[in-house]
Amino acid sequence: MTDRITLTGLTVTACHGVLDSEKVEPQPFIADIVLETDLRRAGASDDLNHTVSYAEIAQEAEQILSGPSVDLIETLAERIAAAALTRPTIEAVEVTIHKPQAPAGVPFHDAELGGPSVTVRREQDRQVVIACGANLGDRGATLRAAVRALDATAGLTVVRISPLFETDPVGGPEQPDYLNAVVLARSRLAPHTLLARLHEIESWHGRVREIRWGARTLDLDLIQVGDPWAGTDLTSDTDELTLPHPRAGERAFVLVPWLEVDPAATLRVGRDAESVTELAGMADESGLRPGPAWEVL
Ligand SMILES: Nc1ncnc2c1ncn2[C@@H]1O[C@H](COP(=O)(O)OP(=O)(O)OP(=O)(O)O)[C@@H](O)[C@H]1O
Ligand SMILES: Nc1nc2c(c(=O)[nH]1)N=C(CO)CN2
């Protein structure tokens with residue numbers, strides 16, 4: 001995403017440095033912070049909750065800069081970047097720390113903006129689980145194209161693709177059998193950006209939403225973002241986006257392919273990270289059969 005929020009010239013006088021004199025004689029430290037984040041939703045809604053408050057980021061950085069003394073400006077940059085990345089909507093952050101009056105034994109031309117600086121860039125990197133299904137048209141070709149489109153998404157890398165399963169439809173009106181698969185990916189993208197991308201790929205394949213659980217050319221569901229076992233997964237509880245996917249834990253057509261790409265997978269159920277193997281053991285697997293090989297599609 002090329003959208004950015006930029007904070008330039010945040011200045012704090014503090015005692016960071018390797019030299020003993022720097023520990024007692026305050027000098028200015030200046031931070032420039034660039035947050036990479038998808039601003040389309042906030043731009044459309046005018047809602048602060050859909051973006052990141054620059055004031056919050058600035059105050060947090062100010063606290064780090066005026067906090068306990070450290071030796072290196074690298075440490076300050078790293079800490080500011082790590083704090084910014086705790087927000088789910090920030091895809092990446094670049095932090096530059098200037099130390100214009102650093103005692104380096106040489107004169108710098110500009111006492112306010114010259115001198116040494118360090119820049120670090122850190123990216124979000126989360127595991128993403130996406131369930132894919134199709135039961136209209138050339139199901140295999142559609143799923144193949146969808147996986148390609150996922151992998152072509154900037155900020156998302158497909159890591160593993162499960163085998164295809166031929167599955168009986170679960171719920172909804174009478175309809176043809178599905179082909180289902182699960183894709184494991186890594187991504188820096190915020191959950192709403194991921195969802196928007198899944199909808200975009202669905203729409204390229206003529207996906208329409210008329211009947212709940214009705215037949216569809218392509219269905220891409222966001223099952224989980226982050227790792228519940230490590231406590232790093234993201235949750236969301238709106239109709240627009242519910243994370244983890246509220247019905248994933250009982251769907252054999254999601255759980256069984258998921259185990260193929262991650263036998264140790266866990267799914268958040270309430271406060272717990274539950275083993276997907278155990279959940280699959282409780283789900284009704286009778287409607288699942290091996291599907292065609294991806295290679296023959
Ligand atoms: N985790 C999620 N993944 C995909 N869509 C979601 C998720 N949470 C909420 N939604 C919302 O659900 C709405 C309906 O999605 P969709 O048409 O794919 O449902 P469905 O596949 O028929 O049913 P189900 O949600 O049971 O799989 C979408 O508008 C989407 O915004
Ligand atoms: N077998 C099968 N049944 C379903 C599927 C699906 O992908 N496979 N998707 C649904 C809504 O997402 C509803 N029912």
Side-chain angles (χ1 to χ4, degrees), residues 127-151 158-186 194-195 198-199 201-202 205-225 227-229 233 242-270 272-297:
Q127 180 180 275
V128 174
V129 180
I130 298 164
C132 314
N135 74 340
L136 289 180
D138 187 342
R139 304 170 304 166
T142 303
L143 291 176
R144 178 184 273 280
V147 172
R148 287 221 174 107
L150 284 172
D151 200 38
V158 169
V159 177
R160 299 190 76 179
I161 307 162
S162 80
L164 289 162
F165 286 81
E166 179 94 39
T167 70
D168 292 344
V170 176
E174 200 175 326
Q175 54 186 303
D177 288 354
Y178 279 81
L179 278 186
N180 284 111
V182 163
V183 169
L184 204 64
R186 297 206 68 89
L194 286 166
L195 184 71
L198 300 189
H199 285 168
I201 298 170
E202 286 177 346
H205 292 277
R207 170 71 192 272
V208 285
R209 289 185 169 76
E210 278 157 0
I211 305 167
R212 188 171 192 217
W213 295 336
R216 67 275 314 269
T217 48
L218 178 63
D219 186 30
L220 298 173
D221 285 341
L222 197 51
I223 301 301
Q224 186 161 270
V225 179
D227 178 1
W229 183 251
D233 59 315
T242 310
L243 278 177
H245 191 289
R247 287 165 287 284
E250 62 223 30
R251 288 178 163 173
F253 64 81
V254 173
L255 300 170
V256 173
W258 187 358
L259 282 177
E260 295 274 347
V261 286
D262 183 4
T266 56
L267 172 70
R268 172 165 301 284
V269 181
D272 302 320
E274 296 211 354
S275 144
V276 172
T277 306
E278 279 178 27
L279 292 168
M282 289 183 287
D284 176 8
E285 295 181 18
S286 62
L288 265 65
R289 300 166 291 284
W294 284 101
E295 301 80 60
V296 303
L297 294 178

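Since the structure is predicted, the reported quantities are computational estimates derived from the model, not experimental observations.
Scanning all heavy atoms of the two residues, the minimum distance from L136 to P176 falls at CD2-CG, 4.3 Å. Closest of all the heavy-atom pairs between A145 and H205 is CB-CE1, 3.6 Å. The two residues N135 and A215 have their closest heavy-atom pair at OD1-CA, 3.3 Å. Heavy atoms only, all atoms of each residue included: P163 and F165 are closest at O-CD1, 3.5 Å. Between Q224 and T266, the shortest heavy-atom contact is NE2-O, 2.8 Å. Considering every non-hydrogen atom in both A181 and W294, the closest pair reads CB-CZ2, 3.8 Å.
Around CZ of R289, the count of heavy atoms belonging to other residues, nucleotides or ligands within 6.0 Å exceeds 12. More than 12 heavy atoms of other residues, nucleotides or ligands sit less than 6.0 Å from atom CD of E250.
Interatomic distance, CZ of R144 versus CG of L179, reported as 12.5 Å (0.5 Å rounding). Rounding to the nearest 0.5 angstrom, the gap separating the OG1 atom in T217 from the CG atom in D138 is 11.5 Å. Rounding to the nearest 0.5 Å places CG of D219 at 12.0 Å from CD1 of I130. Taking CZ from R139 and OH from Y178, the interatomic distance works out to 11.0 Å, rounded to the nearest 0.5 Å. Taken from CD in E260 to CG in L255, the straight-line distance is 12.5 Å, to the nearest 0.5 Å. In this structure, the separation between CG on D227 and CZ on R268 is 9.5 Å, given to the nearest 0.5 Å.
Using a 4.5 Å heavy-atom cutoff, the side chains of D168 and D177 are in contact. Within the 4.5 Å cutoff, side-chain heavy atoms of L184 are placed close to those of V129. Residues I161 and V261 fail the side-chain proximity criterion, which asks for heavy atoms closer than 4.5 Å. The shortest side-chain heavy-atom distance between D221 and R251 falls under the 4.5 Å cut-off.
Each of L243, V128, L150 was scored for a side chain to side chain contact (heavy atoms under 4.5 Å, CB included) with L194, with one residue passing: V128. Among T142, N180, V183, the single residue meeting the side chain to side chain contact (heavy atoms under 4.5 Å, CB included) criterion with C132 is V183.
Scored by the salt bridge (Lys or Arg N to Asp or Glu O under 4.0 Å) test, D151 finds no partners at all (sequence neighbours excluded). Take A248 and apply the side chain to side chain contact (heavy atoms under 4.5 Å, CB included) test, not counting sequence neighbours, and it matches I223, H245, V254, L267.
A donor-acceptor contact shorter than 3.5 Å is absent between the side chain of D272 and the backbone of E274.
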